[in-house]
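Below is one structure, written out as structure tokens; the observations come after it.
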Amino acid sequence: MTALDTLRGKYIEAIASAADEAALEEVRLAALGKKGEISLKMRELGQMSPEERQTTGAALNRLRDEIDASLRARKQGLADAALDARLKTEWLDVTLPGRPRRAGTIHPVSQVMAELTAIFADMGFAVAEGPQVESDWFNFDALNIPPEHPARQEHDTFFMARAEGDNRPPHVLRTHTSPVQIRAMQAQGAPIRVIAPGRVYRMDMDQTHTPMFHQVEGLAIDRDISMANLKWVLEEFCRAFFEVPSVELRFRASHFPFTEPSAEVDIRCSWEGGQLRIGEGDSWLEILGSGMVHPKVLAAAGVNPDEWQGFAFGMGIDRIAMLKYGIPDLRAFFESDLRWLRHYGFAALDMPDLAGGLSR
Ligand code: 2U9
């Protein structure tokens, strides 16, 4: 047995018994590293005679290649074994039930606001916003609501507390969104077409009233806007909002300080089997108030009533949301309980329009 045969046997054996990659690397360094046994032997070739160098050199090259191939094969073998071991211990039970995901839901009021904003936008109405704490001038005087009007009494309106000596004008939690349109007219003048959706506050609390609720009001002012335009806009809105092919509205003469003439508007409906159907039947349901904006209101907002005229309307968003989605109880409605929200079909971000901006 030559010296090289001994070397070969030693390394092939060491490679076979290396238990892991680190041990294998040690064997590689001992044989083929810079100071490895094979490498040192190759360096000795320089001192040999040409004949000896030829035979020993060729044998050394073969040995080096054999050890190298053997190292690689063992390395692959160790990696395969390690993977097998992992696959045996790490496993996933794909039959386990999924973990429940806590999903938020959109509130009916938010959804209805988005729906009605889109419908009025199609008819050319922009959205106007304003403060919820208003001066009593914007909330009452500008709207032709006189100081002796019941709404201005302490028990109907939330007045802001004032420190002694504070001589700023009285402020209230707005009782309607009308001051928003006063501000909009002051800012942009006429012609104007806006809706003002938002929160309003009244000291009222029973089965059908809460101290905070939501309104949308509309205002269209131009040179010759009439009640006919009002009627068309409201019919168009109701058809689109309640998703029915046709609606019939009934205008009943009424009175509001800020409109003249004024009308309360009912929609034709039926209550078959306790189920409300809009657009058909023999019943009428009051859904909003409206009228031609009072000349005094235009003047207060800096719009000349001899030149401009137009209509305004107002409705409760909570109320039309309950009518559209068949939600019977106001208290449940305001508690925003996910169980009843889902019950009435308000699944998590179920509205493609609203969810569009969010990644799913
Ligand atoms: C300006 C001029 C006039 C808005 C109007 C009503 C009639 C109305 C109620 C409906 C149900 C309030 O939520 S509710 O209780 N609203 O009946 N609102 S006309 O009139 C305006 C608004 C702004 C500058």
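Atoms within each ligand, like the ligands themselves, are counted from 1 in listed order. Atoms considered below: every heavy atom in the structure, side chains included; atoms not considered: hydrogens, waters and symmetry mates.
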#### Entry: Cluster companions of Leu32 among Ile, Leu, Val, Met, Phe, Trp, Tyr (side-chain spacing under 4.5 Å)
Leu4, Leu7, Tyr11, Ile15, Leu24, Val27, Ile38, Met42, Leu45, Met48, Leu60, Leu63, Ile67, Leu71, Leu78
Are more than 12 heavy atoms from other residues, nucleotides or ligands located less than 6.0 Å from atom [atom1] of [X]?
X      : atom1 : value
Glu272 : CD    : no
Asp84  : CG    : yes
Gln188 : CD    : yes
Asp20  : CG    : yes
Arg202 : CZ    : yes

Non-hydrogen atoms of [X] versus ligand 1: any pair closer than 4.0 Å?
X      : value
Ile182 : yes
Leu298 : no
Glu264 : no

Geometric cation-pi criterion [X] and [Y], 6.0 Å radius, 45° cone:
X      : Y      : value
Arg183 : Phe138 : yes
Lys324 : Phe241 : yes
Arg277 : Trp271 : no

Any idea which atoms of ligand 1 are less than 4.0 Å away from a heavy-atom of [X]?
X      : value
Met185 : 24 (C)
Phe256 : 7 (C), 17 (O)
Glu217 : 4 (C), 18 (N), 22 (C), 23 (C)
Phe213 : 13 (O)

In terms of residue, atom name and distance, what is the protein heavy atom nearest to [atom]?
atom                    : result
atom 8 (C) of ligand 1  : Gly289 CA, 3.7 Å
atom 1 (C) of ligand 1  : Leu143 CD2, 3.7 Å
atom 15 (O) of ligand 1 : Arg202 NH1, 3.8 Å
atom 16 (N) of ligand 1 : Gly314 O, 3.7 Å
atom 23 (C) of ligand 1 : Gln181 NE2, 3.4 Å
atom 19 (S) of ligand 1 : Phe258 CE1, 3.6 Å
atom 21 (C) of ligand 1 : Ala312 CB, 3.4 Å
atom 13 (O) of ligand 1 : Gln215 NE2, 2.9 Å

### ligand 1-proximal atoms of Ser262, by part, heavy-atom distance under 4.0 Å
neither
### Task
Could you see which bit of Phe313 sits under 4.0 Å from ligand 1, with heavy atoms only: side chain, backbone, both or neither?
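Contact part for Phe313 vs ligand 1: backbone (N, CA, C, O).
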### Task
Would you please classify the geometry between the Phe120 ring and the Phe237 ring as parallel, tilted or perpendicular, with 30° and 60° separating the classes?
parallel
### Message
Just by distance, no angles: are the side chains of Asn139 and Thr175 close enough, under 3.5 Å, to form a donor-acceptor pair?
### Response
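Present: a donor and an acceptor within the cut-off.
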